[in-house]
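The shown structure was predicted, so the numbers you read here are calculated from the model rather than taken from an experiment.
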Amino acid sequence: MNTLLIAGTDTDAGKTVVTTAIAAYWQRYYPQGSLALMKPLQSGTGDRELYQRLFELKQSPEEITPLYFDAPLAPPVAAHREGRSVDLKQLWPVFTQLQGRFSFVLVEGVGGLGSPISWELTVADLAHDWGIPTVLVVPVRLGAIAAAVANVALARQAGVRLVGIILNCVQPRSESEIADLTPIDLIESFTQTRVLGTIPCLEDSHNLDQLVQVASNLDLEILLPRLPIWNP
């Protein structure tokens with residue numbers, strides 16, 4: 001496995017924090033392995049620009065985000081506003097080229113797993129069609145259990161290869177609050193999917209040291225390709 005899709009239950013679940021944390025850890029401890037980041041579609045300024053600020057990537061902006069729309073709306077709606085269509089045929093060649101050139105390709109989804117990327121397809125459909133192992137990011141808040149159950153059911157219905165769940169604190173939470181809002185045993189029981197770790201609310205989500213630290217607490221054996229770790 002040299003590719004991983006970071007999907008969420010909805011917008012602002014914490015996909016970008018998870019993506020950048022894993023990327024920061026990879027670049028810190030696996031410098032012998034090359035990394036590519038991909039946000040296949042983006043509406044409005046956001047993740048592509050952040051990736052470029054945080055990391056030295058050997059990619060063009062068009063390789064990071066092949067389809068870019070100005071309005072911060074669902075891609076089909078944003079494209080319609082610009083008199084364009086969402087041409088998904090532009091995405092696959094870029095994706096396969098990145099897979100061939102880089103040791104590890106991290107793909108960040110748009111919105112939630114059920115969010116539309118065109119008038120016909122969702123992020124879940126893309127994950128299935130591309131055959132990408134997928135992680136579901138669940139925000140730690142009231143309703144998280146139901147969101148996890150519903151999105152795992154959607155993933156199974158779409159034939160997504162779901163490798164696990166990551167819990168993300170979108171606001172500061174105590175350990176007892178995390179346990180009450182997202183009880184791991186209950187989530188794993190209802191979804192039959194492993195929880196691979198919990199990311200706390202970060203004071204500075206652009207701080208690479210903090211990102212590396214939180215990534216180190218995740219189940220990286222499942223999340224990362226198998227390469228020898230670098231010892232300086």
**OP:** Quick one: do T3 and Q99 satisfy side chain to side chain donor-acceptor pair (under 3.5 Å)? Show the steps, please.
**Re:** CA-CA 7 Å; T3 309; Q99 281 189 310; 2.8 Å; yes
Subject >> Heavy-atom closest pair, residues A79 and S85 >> reply: CB-C, 4.2 Å
Subject >> Shared hydrophobic cluster for V137 and L181 (ILVMFWY, side-chain gaps under 4.5 Å) >> reply: no
Original post:
Do V140 and I166 belong to the same hydrophobic cluster, where Ile, Leu, Val, Met, Phe, Trp and Tyr are linked whenever their side-chain heavy atoms lie under 4.5 Å apart, directly or via other members?
Top reply: no
Original post:
Can you tell me if Q42 uses its side chain to pair, donor with acceptor, with the backbone of R48 under 3.5 Å?
Top reply: yes
Subject >> Least distance between heavy atoms, V160 atom then A124 atom >> reply: CG2-O, 3.4 Å
Original post:
With under 30° as parallel and over 60° as perpendicular, where do the rings of W26 and Y30 fit, or are they tilted in between?
Top reply: parallel
**OP:** Find the distance between CG (L41) and CG (D47) and round it off to the nearest 0.5 Å.
**Re:** 12.0 Å
**OP:** Could you give me the CA-CA distance, side-chain angles and deciding distance for V170 and C201, then say whether side-chain contact (heavy atoms from CB on, under 4.5 Å) is met?
**Re:** CA-CA 6 Å; V170 294; C201 184; over 6 Å; no
Original post:
Has the side chain of Q59 got a donor or acceptor atom that lies under 3.5 Å from a matching backbone atom of L37?
Top reply: yes
Original post:
Taking it one step at a time, do L98 and M38 satisfy side-chain contact (heavy atoms from CB on, under 4.5 Å)?
Top reply: CA-CA 9 Å; L98 293 176; M38 187 180 188; 4.0 Å; yes
Name each donor-acceptor pair under 3.5 Å that joins a side chain in residues 104-120 to protein atoms two or more places apart or in another chain, with its distance.
unit_1, atom_1, unit_2, atom_2, d
E108, OE1, Y51, OH, 2.4
E108, OE2, T16, N, 3.3
E108, OE2, T16, OG1, 2.7
S115, OG, G112, N, 2.6
S115, OG, G112, O, 3.3
S118, OG, E120, N, 3.1
S118, OG, E120, OE1, 3.4
S118, OG, L121, N, 3.0

Subject >> side chain to side chain contact (heavy atoms under 4.5 Å, CB included) involving L220 - partner list, sequence neighbours excluded >> reply: Y25, L218, L223, L224
Original post:
So, does D125 use its side chain to make a donor-acceptor pair with the main chain of T122 at under 3.5 Å?
Top reply: yes
Original post:
Is it true that I199 and V212 fall in one hydrophobic cluster, defined by side-chain heavy atoms closer than 4.5 Å?
Top reply: yes
Original post:
Does any N or O in the side chain of S189 come within less than 3.5 Å of the main-chain N or O of D185, such that one atom is a donor and the other an acceptor?
Top reply: no
**OP:** Check whether any side-chain heavy atom of I132 lies under 4.5 Å from a side-chain heavy atom of F95, and answer yes or no.
**Re:** yes
Original post:
Given the rule that I, L, V, M, F, W and Y join up when any side-chain heavy atoms are under 4.5 Å apart, are L57 and V18 in one cluster?
Top reply: yes
**OP:** Take V163 and T134 through the side-chain contact (heavy atoms from CB on, under 4.5 Å) test and state the conclusion after the steps.
**Re:** CA-CA 6 Å; V163 298; T134 300; over 6 Å; no
**OP:** Could you list all the salt bridge (charged side-chain N to carboxylate O under 4.0 Å, His left out) pairs where at least one residue sits in residues 71-84, not counting sequence neighbours?
**Re:** E82-R84
Expected list for residues 63-71: side-chain donor-acceptor pairs under 3.5 angstrom, two or more places apart:
unit_1, atom_1, unit_2, atom_2, d
E63, OE1, S60, N, 3.0
E63, OE2, R101, NH1, 2.4
T65, OG1, K39, O, 3.2
Y68, OH, E49, OE2, 2.8

Subject >> Residue pairs, two or more places apart or on separate chains, that pass salt bridge (charged side-chain N to carboxylate O under 4.0 Å, His left out) and touch residues 164-175 >> reply: none
**OP:** Locate the shortest heavy-atom distance separating A24 from L208; write the atom from each residue and the value.
**Re:** CB-CD2, 4.0 Å
Original post:
Can you list the residues that meet the salt bridge (charged side-chain N to carboxylate O under 4.0 Å, His left out) rule with D209, with sequence neighbours excluded?
Top reply: R28
Original post:
At their closest point, which heavy atom of G131 faces which heavy atom of P133, and how far apart are they?
Top reply: O-CD, 3.6 Å
**OP:** Please check if L196 and L202 belong to a single hydrophobic cluster, counting links between Ile, Leu, Val, Met, Phe, Trp and Tyr side chain heavy atoms closer than 4.5 Å.
**Re:** yes
**OP:** Mark yes or no for whether N168, through its side chain, and A13, through its backbone, hold a donor-acceptor pair below 3.5 Å.
**Re:** yes
Original post:
By side-chain hydrogen bond (donor to acceptor under 3.5 Å, both in side chains), which residues pair with Q192, not counting sequence neighbours?
Top reply: none
Subject >> salt bridge (charged side-chain N to carboxylate O under 4.0 Å, His left out) partners of D219, counting only residues at least two apart >> reply: R194
Pairs of donor and acceptor atoms involving the side chains of residues 4-11, under 3.5 Å and at least two apart or interchain, shall be tabulated with distances.
unit_1, atom_1, unit_2, atom_2, d
D10, OD1, R141, NH2, 3.1
D10, OD2, R141, NH2, 2.9

**OP:** Can you measure from CG (D180) to CG (L142) and round to the nearest 0.5 angstrom?
**Re:** 11.0 Å
Original post:
Taking only residues two or more places apart in sequence, or in another chain, which ones meet S176 in a side-chain hydrogen bond (donor to acceptor under 3.5 Å, both in side chains)?
Top reply: S174
**OP:** Could you walk me through whether T20 and F55 pass the side-chain contact (heavy atoms from CB on, under 4.5 Å) test, one step at a time?
**Re:** CA-CA 9 Å; T20 53; F55 307 108; 4.1 Å; yes
Subject >> D12 atom CG: more than 12 heavy-atom contacts under 6.0 Å >> reply: no
Subject >> Residues in side chain to side chain contact (heavy atoms under 4.5 Å, CB included) contact with N217, at least two apart in sequence or another chain >> reply: Q213
**OP:** Of all the heavy-atom pairs spanning A215 and A21, show the shortest one and how long it is.
**Re:** CB-O, 3.3 Å
Subject >> Set of side chain to side chain contact (heavy atoms under 4.5 Å, CB included) partners for A144, sequence neighbours left out >> reply: V138, T182
**OP:** Kindly give the heavy-atom pair with the smallest separation between I187 and T191, and that separation in Å.
**Re:** O-OG1, 2.7 Å
Original post:
Any donor and acceptor pair, going by atom type alone, linking the side chain of E56 with main-chain N or O of K58 inside 3.5 Å?
Top reply: no
